[in-house]
Asker: 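I have a structure here, written as structure tokens, and I will follow up with some questions on it.
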Amino acid sequence: MGIILLIGFATSIISLQQTNNIQAKAESSTASIDQKDCAVPSDQLQISSQEQKMLDQINAHRTQYGLNNLVWSDTLINASKWMSRDMLKNQYLGHTDSLGRDVKTRLSDCGYSTSISIAENLDSGVKDSTIIFQTWKHSPPQNANLLSDKFKEAGIALASDPASDSYYWTLDLGGGTVTMTPTPSIIITPTPTQAHSSPSPFPTNRPTPTSTPEPTFDPTPTTVPGFTPNPLDMQFFVSAKVIGIGEDGNRNPKHFTRYVTVSIYDMDNKLVKEGNGYIIYDRENLFRGIVHFGPVENGIYYIKILSPRMLKAIVEPAFRALDSKILNILPRVTLIQGDINADNVIDIADYNISLGCFQDKKCEDKNLIDFNDDGLTDIIDYNILLRDYWEWQGD
């Protein structure tokens, strides 16, 4: 994947899931760019509580860095609503819409000036704005957009279809009214393993750092961009392989976030504290993210990680020194799916529950046995279960 250089605006994305179907639609559609399609029914332009909550969280985040609050832009609201509706209707996640337009073209068609800085963040999979915000906050390109002083106004849209468990988010950012012809800014959206120049996340009265290489995230990073040391908050960087998702299975899962519980135990095998958080799919193989614990005394501990319907995994080597003044970067763990009844064992009970779902094609939770997270319950999921099935107990 190459670095994308954009003059005058930035785009960023948690996960690129452009399908061949969308590309084909873009090439064959009779609805061309000349249509300037941005029509959204007026009754759907109202700001929902989740959308307002998202703006409030972004502004609180910006306030911590001395940045101005973003305000709503009617034009950007319309543009973001159109984009989220388009992604929901066509079931894709990507900055090129179903009419083949990139961000700059689409926002221009919607009536927003692209002679100033613009940016777009996208995500999908969940309705909760807090989860999406945390995803963007802990992803360097998206966080750079959230904390850029180039942006003054925003449009935010959530389009959803609960029946199909489909949720699509769009954040469109703009520099506001142009009072002079600006020098076009250059913002680079990086790939995880390449160097990038990103907008400074600090107020303009502070020096802007020079471009530095972004640390690689494979196999274990030595630091994470955006980490803020806090002696009253022990933080872990978690990397997890989920069997069935990534290079050995489905590279484009429907859900890009996974909820995890991280447990700290002392040398006497006593639980010291638990922390909860979300890890994010890196678009290739692993789920990664920061989990916050609050105050924890520095010392020697061992750690276990658990995600719903998976076996608890111990982080090896078992004992390690933990320090609140640094980001504690944990070695990768493998999370094994199939613990349907949450007893930390994959056994005949889990197999029987799963088998009933496979046979009937109906479950109370349709995601219960969709182990490769492709929205289907089929032989692939059955094989994943069989691959790991015997009496397998978690750590």
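Residue indices begin at 1 and follow the sequence shown.
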Asker: Evaluate F133 against H61 for ring-ring contact (aromatic ring centres under 6.0 Å, His included), listing each step before the verdict.
Answerer: CA-CA 10 Å; F133 169 71; H61 186 40; 5.6 Å; yes

Asker: Can you name the nearest heavy-atom pair linking G246 to K241, along with the distance?
Answerer: CA-NZ, 3.9 Å

Asker: To check you understand the geometry: which heavy-atom pair defines the closest contact between N372 and N250, and what is its length?
Answerer: O-ND2, 2.8 Å

Asker: Which pair of heavy atoms, one from V315 and one from R320, lies closest together, and at what distance?
Answerer: CG1-NH2, 4.0 Å

Asker: What I want to find out is whether D373 reaches K254 closely enough, with some N-O distance under 4.0 Å, to be called a salt bridge.
Answerer: no

Asker: Please check if atom CD in Q52 has more than 12 non-hydrogen atoms from other residues, nucleotides or ligands closer than 6.0 Å.
Answerer: yes

Asker: Using 0.5 Å steps for rounding, measure from the CD1 atom of I346 to the CG atom of L385.
Answerer: 7.5 Å

Asker: How close do Y168 and S84 get, heavy atom to heavy atom, and via which atoms?
Answerer: O-OG, 3.4 Å

Asker: If you draw the axis of the six-membered ring of W169, does the NZ or CZ of R85 fall within 45° of it and under 6.0 Å from the ring centre?
Answerer: no

Asker: Between R101 and D109, is there a salt bridge with N-O shorter than 4.0 Å?
Answerer: yes

Asker: Looking at R309 and D350, is any side-chain nitrogen of the basic one under 4.0 Å from a carboxylate oxygen of the acidic one?
Answerer: no

Asker: Between Y265 and K270, is there a cation-pi geometry (under 6.0 Å to ring centre, at most 45° from the normal)?
Answerer: no

Asker: Are E51 and K81 close enough for a salt bridge, meaning some N to O gap below 4.0 Å?
Answerer: yes

